[in-house]
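Working notes for the structure below.
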Amino acid sequence: MKTVIDTKKAPGAIGPYSQAIVVNGMLYTSGQIPINPADGSIPEGITAQTEQVMKNIAAILEEAGTCFENAIKTTCFIADMGDFGAFNEVYAKYFTGKPARSCVAVKTLPKNVLVEVEVIAVI
Ligand SMILES: CC(=[NH2+])C(=O)[O-]
């Protein structure tokens, strides 16, 4: 059985997807972009945007009953590989357990943000 995760503490979907799905004790998040769920704003710069993405992921992890330490794999999309270092600085503060990861630069992200991160975690 699958459970849809839906929390107002993370931004709602901007397309036909769920914030995250839980199945068989595993959490699969959609890619999280740096929308502030309180007012829909998007901060400027890779550091602030990555912080907002981490807050959104934290809310989804909490809603699902898990935490950053239980993440086993992330996929990270950044708009500019020149932001790799600054992105990693923020990322490392949250994913202290160093889950497996792929990080790629992409041409464009939804709403022209600089970063999007998706997570697979054990509940
Ligand atoms: C933002 C996002 N996860 C999507 O699929 O558009």
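Order of appearance sets the numbers: ligands from 1, and atoms from 1 within every ligand.
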Can you list the steps and then say if V113 with I42 is a side chain to side chain contact (heavy atoms under 4.5 Å, CB included)? CA-CA 8 Å; V113 299; I42 296 173; 4.0 Å; yes
Whether F95 and F68 hold their rings parallel, tilted or perpendicular, with breakpoints at 30° and 60°: perpendicular
Close N or O approach (G31, ligand 1; < 3.5 Å): yes
Do E51 and Y94 have side-chain atoms, one donor and one acceptor, less than 3.5 Å apart? yes
Nearest neighbour in protein (non-hydrogen) for atom 1 (C) of ligand 1: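 Looking at atom 1 (C) of ligand 1, the protein heavy atom closest to it is Y17 OH, 3.2 Å.
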Ligand-residue contact atoms, ligand 1 with E116, heavy atoms, under 4.0 Å: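 Matching atoms, with element in brackets: 2 (C), 3 (N).
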Is there a side-chain contact between L27 and I21 in this structure, where contact means two heavy atoms from C-beta onward sitting under 4.5 Å apart?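 Heavy-atom side-chain distance check fails, nothing below 4.5 Å.
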